[in-house]
Amino acid sequence: MAKPFFRLQKFLRRTQFLLLFLTAAYLMTGTLLLLQRGARMALPQSPRAPGTLQALPVATVALGMGLLDSKGLQDSRISSDLLLNVDMLQNPLARLPPGLRWPRRNRSSVRRRWFHHFVNDPHGSPTLGPEAPRAAAHSRGTYMGCFSDEGQERTLKGAVFYDLRKMTVAHCQDACAERSYMYAGLEAGAECYCGNRLPAARVGLNECNHECKGEKGAMCGALGRLSVYRVDMLHPSANKRRIATYRGCFRLPENVTHAFPTSLIQANMTVEMCSGFCSQKEFPLAVLRVWECYCAYPTPQFNLRDAVSSALCGPASEDPRMAGYCQVYQTPVQDTRCTDRRFLPSKSKVFVALSSFPGAGNTWARHLIEHATGFYTGSYYFDGTLYNKGFKGEKDHWRSRRTICVKTHESGKREIEMFDSAILLIRNPYRSLVAEFNRKCAGHLGYAPDHNWKSKEWPDFVNSYASWWSSHVLDWLKYGKRLLVVHYEELRRSLVPTLRAMVAFLNVSVSEDRLLCVEHNKEGSFRRHGQRPRDPEPFTPEMKELIDGYIRTVDQALRDHNWAGLPREYVPR
């Protein structure tokens with residue numbers, strides 16, 4: 001009996017040692033693969049254009065890059081091999097000849113940069129060192145200098161986006177050029193801002209010392225510092241974006257001078273001339289009446305809601321009755337009166353949720369709330385795609401109370417009772433299910449391909465998610481402490497009044513001009529691109545019967561809690 005027991009014990013000891021050995025080998029292999037991946041990520045992803053380094057003597061370039069020390073400058077044995085090494089540093093994608101290896105110093109620096117890229121905060125990115133930083137060698141714009149961006153009011157606020165991994169100077173310039181802006185400013189290595197006026201406070205060049213996340217050696221500002229470029233060469237697609245969009249024919253306000261702050265009167269005035277003039281002045285509207293050009297914002301007196309027949313906007317010089325009408329065009333630039341956003345100056349005393357079922361328009365509602373209130377919204381989750389779209393609060397901890405409200409899709413009792421109040425956003429489940437399925441299969445701005453709709457994946461998705469749509473609303477009605485119920489369809493149909501109620505619920509007072517600015521920028525960057533599915537109604541009769549039952553349940557629950565029922569368009573279908 002003892003002998004079999006001894007054999008079993010010996011076998012188990014060997015097994016433990018084998019498992020330990022395999023685990024160690026697995027971890028070592030994973031570490032090596034991770035380091036290799038990090039080295040690839042740290043290298044530029046495209047060949048660089050010839051830079052200023054090629055015009056310098058070989059030895060000087062080598063000294064600057066750390067291939068030689070100062071004694072090496074006196075060595076006559078410097079050969080073309082060194083020149084090849086230098087060229088490899090400028091263009092890492094060139095193929096190494098047999099026997100030529102990377103200098104050890106460069107290997108370790110690549111690993112350090114990779115480590116900092118994942119461990120450090122994006123605002124604490126590797127800097128360019130104490131020496132004065134240089135502009136990107138292959139940027140197409142003119143470098144204007146380093147500017148302070150610490151004031152309450154941003155100068156470059158026409159368009160904003162972030163990219164934690166791939167921000168480059170050219171990428172920012174292209175984005176600003178497509179929107180007809182003259183200046184592109186980069187901050188903290190990953191943020192891009194556009195505008196037509198230079199910031200007022202210029203600082204020393206060495207204060208802009210953060211590398212661009214996607215372009216080593218190029219400066220992308222620092223914390224509170226902007227590296228500003230003048231956009232000299234427009235992106236090929238910019239010409240398409242520079243065309244003004246016709247908004248319609250409208251009656252001129254009574255006091256034209258007061259309603260339109262900037263004007264240009266010139267013979268043979270054209271739409272292109274007027275739109276270009278107003279774009280340069282950073283106005284979203286170009287108002288044209290024969291040879292008169294006015295630049296404007298939407299205001300309560302001129303809100304673009306009461307268009308008239310285009311026939312009334314004929315040549316005013318020929319018919320005096322038409323002198324009181326004008327043609328309105330939307331310029332490529334944004335309405336900047338509502339683009340400035342920041343975190344709350346002090347921690348909020350009321351913890352507010354923006355709750356919805358996935359696919360119900362939560363991201364769009366956040367866009368509206370941020371631009372209406374001027375404060376960032378937070379999120380229970382972290383989505384790098386949304387952060388890059390400008391949702392800076394996405395990276396903030398969801399319990400920091402530095403944001404005006406926090407996005408959540410959770411619906412359990414414990415998760416609901418953590419919040420003091422909530423805006424409950426409800427959308428037609430048919431539309432919500434389609435939107436969420438598109439997101440799961442193709443991201444925030446894509447459409448699911450046909451094979452996903454035709455597979456078993458779609459009916460399984462409907463069977464599991466339809467009940468979640470119902471339970472989400474029922475749980476928030478049951479456990480929510482203080483609610484404002486908002487229907488997505490009503491927000492679409494009557495944006496300003498509904499948004500005004502949401503802002504009041506958040507205890508923020510805003511001007512009517514700011515709400516009109518939000519209405520003018522209501523779409524943001526959230527329209528889906530690509531080919532729509534062939535079948536716009538992919539629901540079988542069995543699916544409709546299931547979903548309609550949940551709709552009736554939620555409708556009755558809303559009425560039982562003294563809320564208006566669901567919009568009539570939900571059922572019958």
Side-chain angles (χ1 to χ4, degrees), residues 344 348-370 372-373 375-383 386 391 393-394 396-433 435-436 439-440 444 464-492 495 498-499 501-508 526 550-551 553-555 557-567 570:
L344 293 173
S348 174
K349 296 180 180 178
V350 180
F351 197 28
V352 186
L354 176 62
S355 177
S356 73
F357 175 78
N362 198 303
T363 300
W364 180 60
R366 290 176 66 187
H367 164 78
L368 298 176
I369 291 172
E370 287 195 3
T373 64
F375 295 114
Y376 290 117
T377 59
S379 176
Y380 187 80
Y381 322 94
F382 171 71
D383 191 325
L386 295 182
F391 290 97
E394 190 75 17
D396 206 53
H397 192 275
W398 66 278
R399 301 195 74 165
S400 69
R401 293 180 179 258
R402 297 200 308 155
T403 54
I404 193 68
C405 61
V406 176
K407 163 190 173 179
T408 181
H409 299 312
E410 305 301 312
S411 56
K413 179 178 183 295
R414 177 175 171 273
E415 287 78 7
I416 293 173
E417 291 181 344
M418 289 189 300
F419 294 95
D420 302 316
S421 59
I423 297 175
L424 178 59
L425 183 64
I426 305 175
R427 186 183 185 185
N428 189 321
Y430 288 96
R431 302 289 177 256
S432 294
L433 291 169
E436 177 60 9
R439 187 200 66 79
K440 288 177 70 68
H444 287 281
S464 60
Y465 273 65
S467 60
W468 182 13
W469 176 87
S470 173
S471 64
H472 179 274
V473 177
L474 297 178
D475 282 356
W476 278 92
L477 291 175
K478 182 177 180 180
Y479 301 117
K481 300 174 184 176
R482 175 173 170 262
L483 290 181
L484 173 67
V485 176
V486 175
H487 297 287
Y488 174 89
E489 292 76 16
E490 186 64 25
L491 186 59
R492 275 284 183 192
L495 189 143
T498 308
L499 186 58
M502 295 167 67
V503 170
F505 182 82
L506 295 170
N507 198 28
V508 179
F526 308 105
Y550 289 129
I551 289 176
T553 301
V554 170
D555 180 74
L558 286 170
R559 297 179 188 276
D560 292 342
H561 286 79
N562 299 321
W563 290 100
L566 295 173
Y570 283 29

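No experiment lies behind these values; they were computed from the predicted model shown.
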Report yes if the side chains of Ile404 and Leu344 come closer than 4.5 Å at any heavy-atom pair, otherwise no. yes

Should Leu491 and Leu368 count as side-chain neighbours, where that means a heavy-atom distance under 4.5 Å? yes

Non-hydrogen atoms of Ser432 and Ala360 that approach each other most closely: OG-CA, 3.8 Å

Which heavy atom of Ala501 sits nearest a heavy atom of Leu484, and at what distance? O-CD2, 3.9 Å

May I ask you to test the Leu483-Trp476 pair for a side-chain heavy-atom distance under 4.5 Å? yes

List the atom pairs, donor and acceptor, that lie under 3.5 Å between side-chain atoms in residues 415-426 and the rest of the protein, sequence neighbours left out.
| from | atom 1 | to | atom 2 | distance (Å) |
| --- | --- | --- | --- | --- |
| Glu417 | OE1 | Lys413 | NZ | 3.2 |
| Glu417 | OE2 | Lys413 | NZ | 3.1 |
| Asp420 | OD2 | Phe351 | N | 2.8 |

Taking atom NZ of Lys481 as the centre, does the number of heavy atoms from other residues, nucleotides or ligands within less than 6.0 Å exceed 12? yes

If a pair satisfies salt bridge (charged side-chain N to carboxylate O under 4.0 Å, His left out) and one of its residues is in residues 354-368, list it, with sequence neighbours excluded. Arg366-Glu394

Side chains of Arg431 and Tyr570, heavy atoms from C-beta outward: is any pair under 4.5 Å? no

For a quick test of reading the model, state the closest non-hydrogen atom pair linking Val503 to Ala372 and the distance between them. CG2-CB, 3.9 Å

Take His561 and Val485, measure what side-chain contact (heavy atoms from CB on, under 4.5 Å) needs, and give me the verdict at the end. CA-CA 11 Å; His561 286 79; Val485 176; over 6 Å; no

Is the closest side-chain heavy-atom distance between Ser411 and Trp468 below 4.5 Å? yes

With heavy-atom distances below 4.5 Å as the criterion, would you say the side chains of Trp398 and Thr408 are in contact? no

Backbone N/O of Leu495 and side chain of Thr498: donor-acceptor pair under 3.5 Å: no

Could you measure the distance from the CG atom of Leu477 to the NE2 atom of His472? Nearest 0.5 Å is fine. 10.0 Å

How far apart are the C-alpha atoms of His409 and Ser355, what are their side-chain angles, what is the distance that settles it, and do they pass the side-chain contact (heavy atoms from CB on, under 4.5 Å) test? CA-CA 6 Å; His409 299 312; Ser355 177; over 6 Å; no

Salt-bridge test for Arg439 and Glu436: reply yes if a basic N is under 4.0 Å from a carboxylate O, no otherwise. yes

With a 4.5 Å limit on heavy-atom distance, are the side chains of Asn428 and Glu489 in contact? yes

Take Val350 and Asn507 through the test side-chain contact (heavy atoms from CB on, under 4.5 Å) and record every step on the way to the result. CA-CA 10 Å; Val350 180; Asn507 198 28; over 6 Å; no

Any idea which heavy atoms bring Cys405 and Leu354 closest together, and the distance? SG-CB, 4.0 Å

On a heavy-atom basis, which atom in Ala435 and which in Gly359 lie closest, and how many Å separate them? CB-O, 3.6 Å

Any side-chain heavy-atom pair from His487 and Leu558 closer than 4.5 angstrom? yes

Results of side-chain hydrogen bond (donor to acceptor under 3.5 Å, both in side chains) for Arg401 - residues two or more places apart only: none

